[in-house]
Amino acid sequence: MDKFVITGGNALQGEIPTNGSKNSALPALAAALLTDEPVTLHRIPKVRDIRTMQRLLIDIGSQVEVDGETVRLHTPRIVSPEAPYELVKTMRASSLVLGPLVARSGRARVSLPGGCAIGARPINLHIFGLEQLGARINQAYGYIEAEAPGGLRGATVQFERITVTGTEDLLMAAVLAKGETVLHNAAREPEVVDLADLLIAMGARIEGAGTSTITIQGVEKLRGAEHTIIPDRIEAGTFLIAGAITGGDVTVTRCEPAHLEALVSKLQQSGVVVTQPDACTLRAKSGGLHSVDMTTEEFPGFATDLQAQYMALMTQAEGIAIIVETIFENRFMHAQELARMGANIRLEGRQAIVAGKRDLTGAGVIASDLRASASLVLAALVAKGETVIDRVYHIDRGYEKIETKLAQAGAQIRRVE
Ligand code: EPU
């Protein structure tokens, strides 16, 4: 298993480019199942979760051609409408094939995801939504079996709580359903809007993506399309925090500033000078940091996927920051590891109380999930001495060459096998 060895103390300087969004690319790849024509997607990041999704699609019957950041998918027919446990257990987003498979072939068999390091993460809302659209659902032997032999039919779906991939799954199911579907309390994340844009390019009729109510008029057939994935806002945000935490001056290029407003606002309140040199660039120049409280929320609020990184930043800020995690019930695994490096963090239920500013020291730490690993990398960049981060396969799930990008900005980081 690979490890990162990081020696802290260098202020990061210079440009770091953003890749395409992992969480946008995953549903876009699944959406290619909805048509028998080729779909070409640009700016697909080279991360492990994307490779897992491609493997899944190949098993289902897609031909997948990868050429740099471009992926061409062609699914003349569905060979096996199934997402096996072996893949779902490594990537929960595999459940994104549920909606498209039922819509295209009237049948899907998807393993139920088990527990997860950040919370229970059930998919009951995906299932509820599909039932509203007329799918018959049967649960047995650890699998969900969904059937709609006569096709899905449009319906009103009121989500009990906001779910990102649940909204995406239902969107993909509804585009081929008969009649009108209205999704209430839908997720407003940019990744949902990006998926809707791709589906519209494929011939779907969708209105309201990016708001809480999405209306879909089902069509009989979708065609092939070409689409470019949006920039990864979580990756970009992680690099802005890397600049801020090291007292550096980092320019993040190829990003979408409109997707980063909640983070930029917190950075500015805490003393970081953030400017926007052009339409797709943000620059974070650090002054003295002071603590600012933060609560995670659905978009356009502060992303839970940046909470761990923000916590690392607050260990270096003067004062006390209260961080409240409202999306996932167990997303504070990084706190214990940060504490091993010298951070002063008290956990009280869904609240973390971070007392800064503490001098961190290098230590052996373990990455527990994707974003927790990113926070440990950030902490290591300012820690005295050497930090060894174990299980970096978590970080490889969602960050493309993070060590190369950070090293180019002056970080002392290397991967050891
Ligand atoms: N939830 C349910 N039932 C459901 C679905 C969700 O109770 O059927 C609950 C979840 O347990 C959670 C909350 O609703 O407490 C929100 O979960 P959501 O469904 O929105 O999360 P997700 O769609 O599984 C996506 C991202 C996550 C990101 C969350 C929240 C992808 C592939 N994953 O997950 O990304 O944290 O939205 O923004 O888009 C990551 O990239 O590190 C990551 C975990």
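Indexing begins at 1, ligand by ligand and atom by atom, following the structure's order. Residue indices begin at 1 and follow the sequence shown.
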Looking only at protein heavy atoms, which one is nearest to atom 14 (O) of ligand 1, and how far off is it? R161 NE, 3.2 Å

Looking at atom 22 (P) of ligand 1, what's its closest protein heavy atom, distance included? T165 OG1, 3.5 Å

Before signing off on this row, confirm whether L370 and ligand 1 have an N or O atom pair separated by under 3.5 Å. no

Do the side chains of R43 and D232 get close enough for a salt bridge, i.e. N-O under 4.0 angstrom? no

So does Q351 have more than 12 non-hydrogen atoms from other groups sitting under 6.0 Å from CD? yes

H126 neighbourhood, listing ligand 1 atoms whose heavy-atom distance to it stays under 4.0 Å: 8 (O)

Residues forming a ring-ring contact (aromatic ring centres under 6.0 Å, His included) with Y399, sequence neighbours excluded: none

What part of R371, side chain from CB on, backbone N/CA/C/O, both or neither, has a heavy atom under 4.0 Å from ligand 1? side chain

Tell me the protein heavy atom at minimum distance from atom 3 (N) of ligand 1, and give that distance in Å. N124 OD1, 2.7 Å

Looking at ligand 1, would K22 count as a contact under a 4.0 Å heavy-atom criterion? yes

N19 and its side chain to side chain donor-acceptor pair (under 3.5 Å) partner, picked from R254, K405, K401: K405

Report the nearest protein non-hydrogen atom to atom 21 (O) of ligand 1: residue, atom name, distance rounded to 0.1 Å. F328 CZ, 3.9 Å

Heavy-atom nearest neighbour of atom 36 (O) of ligand 1 within options I327, L195, D305: D305

Are a donor atom and an acceptor atom from the side chains of T90 and E86 found within less than 3.5 Å of each other? no

Please report which non-hydrogen protein atom sits nearest to atom 19 (O) of ligand 1, along with the residue it belongs to and the distance in Å to one decimal place. T163 OG1, 2.7 Å

Students should be able to answer this: which protein heavy-atom is nearest to atom 44 (C) of ligand 1, and at what distance? R331 NH2, 3.5 Å

Who are the ring-ring contact (aromatic ring centres under 6.0 Å, His included) partners of F332, not counting sequence neighbours? none

Identify the residue among R371, R233, Q309 that makes a side chain to side chain donor-acceptor pair (under 3.5 Å) with T238. Q309

Can you report which non-hydrogen protein atom sits closest to atom 34 (O) of ligand 1, along with the distance? R121 NH2, 3.3 Å

Can a donor-acceptor pair be found between the side chains of S368 and E337 at a distance below 3.5 Å? no

Compare all side-chain heavy atoms of F4 with those of V388 and state whether any distance is below 4.5 angstrom. no

Do R391 and D2 meet the salt-bridge criterion of a basic N to acidic O distance under 4.0 Å? no

Starting from atom 30 (C) of ligand 1, locate the nearest protein heavy atom and write down its residue, its atom name and how far away it is, to 0.1 Å. T304 CG2, 3.7 Å

Numbering as shown, the atoms of ligand 1 that approach A93 to under 4.0 Å (heavy-atom distance): 32 (C)

When you measure from atom 4 (C) of ligand 1 to each heavy atom in G301, S94, P122, which option holds the nearest one? P122

